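Report on the following structure.
None of these values were measured; they are calculated from a predicted model. Protein chains get the first letters and strands the later ones, always in sequence-line order, with residue 1 at the start of each.
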Protein chains: 2
Amino acid sequence: MTKPQTTRQKRANGVESRQRILDATVEIAGERGYEGTSIAAVSAACGLPASSIYWHFKDKDDLIAAVIERSFDTWLAAVQLPGEETGTPLERVTAMARNVAKSLIDAPDFLRLGLMLALERRPAEPRGRTMFLQVRDIARAKIAETAEALVPGLDEESVQILTTYAVAGADGLFVQREINGDAVDLVAMLELHAQLVYEAATRMAARSKA
Amino acid sequence: MTKPQTTRQKRANGVESRQRILDATVEIAGERGYEGTSIAAVSAACGLPASSIYWHFKDKDDLIAAVIERSFDTWLAAVQLPGEETGTPLERVTAMARNVAKSLIDAPDFLRLGLMLALERRPAEPRGRTMFLQVRDIARAKIAETAEALVPGLDEESVQILTTYAVAGADGLFVQREINGDAVDLVAMLELHAQLVYEAATRMAARSKA
DNA sequence: CTCTTGATGTAACGCTCACTCCAATTGGAA
DNA sequence: TTCCAATTGGAGTGAGCGTTACATCAAGAG
């Protein structure tokens with residue numbers, strides 16, 4: 001997900017410029033969506049001319065995809081930081097939810113922009129949308145994995161249902177917070193969500209064994 | 001929400017034209033979002049020139065707001081149709097969730113376009129977004145009302161938490177279905193959601209009494 | 001028939017869009 | 001010093017945007 005540094009490049013501020021362009025883009029795209037993100041606006045926000053943007057990125061599609069990629073890296077780093085891997089299964093699930101909540105508060109750009117792209121269905125699907133769905137599947141797979149590890153005895157279908165429900169709850173609560181702002185206590189809500197999902201999981205596992 | 005028919009107007013197809021414009025707009029806006037919805041595209045889709053669109057609607061903002069308004073009416077009619085008002089509280093909540101699921105499958109435009117508008121945060125907020133948030137609060141109030149009626153003993157804060165969680169689950173599951181298509185059984189997932197919310201509610205009520 | 005009003009058709013307006021061309025600058029390599 | 005390649009600056013492209021002006025048409029009213 002990060003560029004290999006084959007040749008040392010200190011002489012010009014190319015790398016820094018690239019970051020500044022991405023910073024400006026994630027801000028604007030997170031506010032106005034794909035179509036609403038104009039190259040002129042990005043240029044004004046980062047202080048670099050349009051030609052520089054097109055030197056660093058092939059086209060607008062490429063720029064948006066790069067933003068998704070980088071903001072996913074940021075979010076993934078935030079969500080994986082404190083690896084609380086001790087305690088009861090319920091405690092571990094709750095800690096996981098708390099991490100997700102904090103990371104979504106600290107780095108909301110990834111999910112906000114991603115959901116906007118995901119809801120749009122234009123004829124020629126932009127690369128950014130595909131990229132979002134791909135990295136989202138990675139997160140989904142990790143959740144499924146965790147479910148199987150912490151709640152033994154779950155059949156395949158139950159895991160799928162629980163995973164879908166878990167992701168949906170996170171998405172929905174995130175949307176609520178985006179709409180209502182700090183009035184929504186994302187940490188508390190996601191902890192509640194984790195608890196409810198965990199209970200549903202244990203019940204499904206018990207039913208599956210019987 | 002609907003126009004009063006003061007004078008009979010049979011001579012020209014004005015009312016029908018208005019509907020055709022709204023139909024075309026909801027289709028395009030549901031695919032491409034606010035900025036992606038061009039008057040030219042709407043004009044091509046409904047077969048009427050741009051001037052007709054501007055005769056029926058003040059500007060693009062007005063057009064999108066009208067689409068939100070009409071699709072909310074459609075959705076509200078769908079969700080209120082079969083008034084299952086008998087049975088245990090859990091059965092009633094589940095029936096309610098089933099109605100919501102069916103209505104979202106039959107008339108997804110309202111929520112899809114609304115969520116897209118809600119996630120966007122442009123400087124000059126479009127009327128369509130405000131309209132969506134308003135009608136969404138209506139739905140939210142109805143859920144809170146139902147919670148208090150079916151689960152007595154809930155304090156104010158618990159009602160707010162439960163309502164937020166209930167709406168978030170519906171939003172999130174809807175998004176999942178928009179992304180993954182028919183692979184997501186929206187009816188089953190929302191029934192599960194209703195069950196989990198109901199159990200959480202009874203537990204909160206019990207804890208509140210103690 | 002004429003007059004009025006609702007509605008459509010045609011053609012443009014000024015502006016912004018994504019994108020390109022190319023000259024200028026910059027700093028390390030030779 | 002000369003050269004080269006990585007960037008930047010700025011002007012410009014045609015296409016599309018939202019919106020408007022205005023002529024035109026259909027039909028009920030007088």
Flag the pair [X] and [Y] as a salt bridge only when some basic side-chain nitrogen lies within less than 4.0 angstrom of an acidic carboxylate oxygen.
| X | Y | result |
| --- | --- | --- |
| B/Arg32 | A/Glu120 | no |
| A/Arg121 | B/Glu178 | yes |
| B/Arg177 | B/Asp185 | no |
| B/Lys142 | B/Asp137 | no |
| B/Arg136 | B/Asp171 | yes |

Please determine whether a side-chain nitrogen or oxygen atom of A/Asn13 lies at a distance below 4.0 Å from atom OP1 or OP2 of C/dG27. no
I want to check one thing: is the phosphate of C/dA7, taken as OP1 and OP2, less than 4.0 Å away from some side-chain N or O of B/Ser52? no
Distance in angstrom units between [X] [atom1] and [N] [atom2], rounded:
| X | N | atom1 | atom2 | value |
| --- | --- | --- | --- | --- |
| A/Ile53 | D/dG10 | CD1 | C1' | 14 Å |
| B/Trp55 | C/dG6 | CH2 | P | 6 Å |
| B/His56 | C/dA7 | NE2 | C1' | 7 Å |
| A/Arg18 | D/dA6 | CZ | P | 15 Å |
| A/Leu48 | D/dA6 | CG | C1' | 14 Å |
| A/Arg32 | C/dT16 | CZ | P | 12 Å |
| A/Phe57 | D/dT8 | CZ | C1' | 15 Å |

Show your working on ring pair (Phe, Tyr, Trp, His ring centres under 6.0 Å) between A/Tyr165 and A/His193 and close with a plain yes or no. CA-CA 10 Å; A/Tyr165 187 74; A/His193 180 51; 5.6 Å; yes
Summarise how protein sits on nucleotides 15-20 of chain D as a single string, 5' to 3': B when a protein heavy atom is under 4.0 Å from the base, S for sugar-phosphate-only contact, - for no contact. --SSBB
